[in-house]
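This report refers to the structure that appears directly beneath it.
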Amino acid sequence: MSKLTPSTIRIGRRYRANRLNGAYDAVVIGSGIGGLTTAALLSDMGWKVCVLEQHYTAGGYTHSYDRNGYEWDVGVHYIGDVGTQTRTRKMFDYLSGGKLKWAPMDAEYDRFYVGDKTFCAQAGKQQFRDNLVRQFPAEAKAIDRYMDLLRQVGDGLTVYSMNKLLKPWQRVLAWPYLKLRTPGLLFRNTYAVLRELTGDEDLIAVLCGQWGDMGLPPKRSAFMVHAMIARHYLYGGFYPVGGSWKIAESIIPKIQKSGGEVFTYARVKRILQDGQRVTGVEMADGQRIKCDCVISSAGVDNTFAALLETGAVRHAGYDPLLKKVRPSMAHLGVYIGLKATAEALGLPKTNFWIYPGNDFDAAVERFLDDPEAPFPVVYISFPSAKDPDYERRHPGTATIEIVAPAPLAWFKKWQGSTWGKRGDDYEAFKADLGKRLLQHLYEKLPQLEGKVDYYEVSTPLSTEYFCAYRHGELYGLDHDAVRLQQTWLGPRTRFKGLWLTGQDVLTCGVTGAMMAGLLTTSAIVGWRQSAAMIKRIFK
Ligand SMILES: Cc1cc2nc3c(=O)[nH]c(=O)nc-3n(C[C@H](O)[C@H](O)[C@H](O)COP(=O)(O)OP(=O)(O)OC[C@H]3O[C@@H](n4cnc5c(N)ncnc54)[C@H](O)[C@@H]3O)c2cc1C
């Protein structure tokens, strides 16, 4: 394999111990959207915040990279709810000072290939409903009941988030109210809820066609996350103009304005503790940064299993709690470059979801048992078609990204090897998987055969290497009903001065992790200051 040239997209400032600038009010581990949101909101209140990112560029899963004249995103394909002045849009506007712009996708934002049938989702609540009824005319009643369930869940999601802010004793007092306002179906199994509405397995498959957005098929996921995602995209999908790296790039100035910084190549080795109190962090180079406010956006697994002292974690009673959660699935990525524009190639601003049939759970089971079995889901996204600025940056070219599940176990024998030098057998295995995934692309868009100029395949080991997820997990913790009911998964920890943020606090997704940043900031500064902050953001 030829040597891979390094990406030139670098945001944040390269860490050196002598670039640390005096005492910080808070240290944030990880520069994903959760960490950056918390850092930016605290900075906005005058805090001096130091963000430490182990990767060579900031942004976590929102980072992009370029190679051979092409540019790809690793963890952002579409974001919902930003077409009008929603809360999500106001948050992005506030964090980016209005610099982040959004481009709408096609009205048909998701297309589902289920076996040999094709269905789709259309932007707009009424359009979404009418389009479903057009595809399933006999199921109009079930579809209306489904839309009603989505509406009911809305209130429950707000209560769910607010609950995370409460201290344990406050939660006890608020319990009667919380129970009343939390619809029972939130934590019920997605498939079971939908099966009560309809016996049409194709309709259930279409309603669950976005299960890959949270990583669990319908018989294993909680209705809450299913509904949250469906609601999130109900008004269509949007793409950050200029690429997903624009998200972090537009937020960082807010942190720097208060004297803070976002350092890259800045791996935190451990969180420093004095008993149950946190006193700062120790960097991989041995440098210690003293600080009595440490915010971890590196994920629950990294924080409790890799960064804190094992004995202290046990002593604080976390061991049985950690056993209740597990990492989400891992994935393969295929990053494709073509020497013609998206327009010339006829690439849509629509995501493709390709399924072998309508029993998604059975397909996952089959695949986990047998790597030769069909991929249970293949997701194809066309970033250059979605980005109105792409042609300016990379004239005459187009890009495509493919995502599909793959367990880390398949790659165990190469774990610990160096990125780019994992050996010929690894490359051959990857090439085989990449070819299988490309076949799905050619099947749906035959005009692309022979037009691919360049492609590369990422594996769960790439996720481990670049994004520091030890199990190659793509969405942090698995989003099953047990995880969602863990009240300890919130901004507060049992260690004084240690806070959590990011996708493990609420849910995955850029918006989920960003809203976790808002929650964490609120928990840190208290009700009075957070009320003023919320007023400023959502005015
Ligand atoms: C393939 C894929 C596709 C996706 N598509 C979408 C999509 O289309 N729309 C959407 O909304 N969401 C999507 N997501 C999910 C979304 O990207 C994530 O849920 C979200 O970005 C997570 O943000 P975060 O802040 O919690 O964590 P992350 O972005 O994972 O950030 C955590 C950061 O911590 C750093 N870190 C870890 N350990 C250390 C350490 N010891 N020292 C220093 N730094 C450390 C990591 O390097 C990482 O940068 C996708 C994710 C993936 C993987």
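Residue numbers run from 1 in the order of the sequence given. Counting starts at 1 for both ligands and their atoms, in listed order.
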Give the intermediate values and the outcome of side-chain contact (heavy atoms from CB on, under 4.5 Å) for residues Val153 and His226. CA-CA 10 Å; Val153 166; His226 163 87; over 6 Å; no
Worked check of salt bridge (charged side-chain N to carboxylate O under 4.0 Å, His left out) between Arg393 and Glu71: CA-CA 9 Å; Arg393 301 196 307 284; Glu71 181 185 319; 3.1 Å; yes
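Ring geometry, Trp72 versus Tyr65: the interplanar angle falls from 30° to 60°, so the pair is classed tilted.
When atom types are taken as modelled, the side chain of Ser297 and the backbone of Gly34 share no donor-acceptor pair closer than 3.5 angstrom. A donor-acceptor pair is defined here as one N or O able to donate and one able to accept, closer than 3.5 Å; such a pair exists between the side chain of Thr493 and the backbone of Leu498. In this structure a side-chain-to-backbone donor-acceptor pair under 3.5 Å is missing from Glu53 to Val262. In this structure, the side chain of Asp301 does not engage the main chain of Pro327 through any donor-acceptor pair within 3.5 Å.
If you look at Asp504 next to ligand 1, there are no close heavy atoms at all, none under 4.0 Å. The proximity of Ala513 to ligand 1, defined as any non-hydrogen pair under 4.0 Å, is limited to the side chain. By the criterion of a heavy-atom distance under 4.0 Å, the backbone of Leu52, and not its side chain, is placed next to ligand 1. Within the 4.0 Å heavy-atom criterion, the part of His331 lying near ligand 1 is the side chain and not the backbone. Contact annotation: for Val76 versus ligand 1, heavy atoms closer than 4.0 Å belong to the backbone alone. When non-hydrogen atoms are compared, ligand 1 lies under 4.0 Å from neither the backbone nor the side chain of Tyr379.
Neither side chain, Ser328 nor Asp478, offers a donor N or O lying under 3.5 Å from an acceptor on the other. Side-chain atoms of Gln287 and Glu282 form no donor-acceptor pair, as typed in the model, at a separation below 3.5 Å. One side chain, Ser244 or Ser64, offers a donor N or O that lies under 3.5 Å from an acceptor on the other.
For Phe411 and Phe429, the distance between ring centers is under 6.0 angstrom.
Per-residue contacts place Arg267 under 4.0 angstrom from the following atoms of ligand 1 (heavy atoms of the residue considered): 42 (N). Short contacts between ligand 1 and Gly502, defined as distances under 4.0 Å to a heavy atom of the residue, involve ligand atoms 26 (O). Remark: ligand 1 atoms within the under-4.0 Å shell around heavy atoms of Ala468 are 37 (C), 38 (N). Interface of Val510 with ligand 1, defined as ligand atoms under 4.0 Å from a residue heavy atom, comprises 10 (C), 11 (O), 12 (N), 16 (C). Every atom of ligand 1 with a heavy atom of Cys508 under 4.0 Å away is listed here by number and element: 19 (O). Annotation for ligand 1: atoms under 4.0 Å from non-hydrogen atoms of Tyr469 are 27 (O), 28 (P), 30 (O). Those atoms of ligand 1 that come under 4.0 Å of a heavy atom in Ile29, given as number and element, are 40 (C), 42 (N), 43 (C). For ligand 1 and Gly34, the ligand atoms under 4.0 Å from any heavy atom of the residue are 25 (O).
Here the protein heavy atom with the shortest distance to atom 21 (O) of ligand 1 is Tyr61 CB, 3.6 Å. Nearest to atom 42 (N) of ligand 1 among the protein's heavy atoms is Val268 N, 3.0 Å. Considering only non-hydrogen protein atoms, atom 14 (N) of ligand 1 sits nearest to Gly75 O, 3.0 Å.
In this structure, Ala266 counts as a contact residue of ligand 1, since one of its heavy atoms falls inside 4.0 Å of the ligand. Under a 4.0 angstrom heavy-atom cut-off, Tyr465 registers as lying outside contact with ligand 1. For the ligand labelled ligand 1, residue Leu36 lies outside the 4.0 Å heavy-atom shell.
Cation-pi geometry between Lys444 and Tyr113 is met: the NZ or CZ atom falls under 6.0 Å from the ring centre, inside 45° of the normal.
The shortest N/O to N/O separation between Thr511 and ligand 1 does not fall below 3.5 Å. Of the polar atoms of Val403, none of the N or O atoms is found under 3.5 Å from an N or O of ligand 1, judged by distance alone. For a threshold of 3.5 Å applied to N or O pairs, the pair formed by His55 and ligand 1 contains no separation below that value. On a distance-only criterion, Gln54 and ligand 1 share at least one N/O pair closer than 3.5 Å.
Under the side-chain hydrogen bond (donor to acceptor under 3.5 Å, both in side chains) criterion, Trp419 pairs with no residue, sequence neighbours left out.
Nearest to atom 32 (C) of ligand 1 by heavy atom, out of Ser297, Gly30, Gly517, Ala306, is Ser297.
Note that CG of Leu500 is 10.0 Å distant from CD1 of Ile29, once rounded to the nearest 0.5 Å.
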Ignoring hydrogens and angles, write down the donor-acceptor pairs under 3.5 Å from the side chains of residues 206-214, residues two or more places apart or on other chains.
unit_1, atom_1, unit_2, atom_2, d
Gln210, NE2, Asp110, OD2, 2.9
Asp213, OD2, Tyr78, OH, 2.7

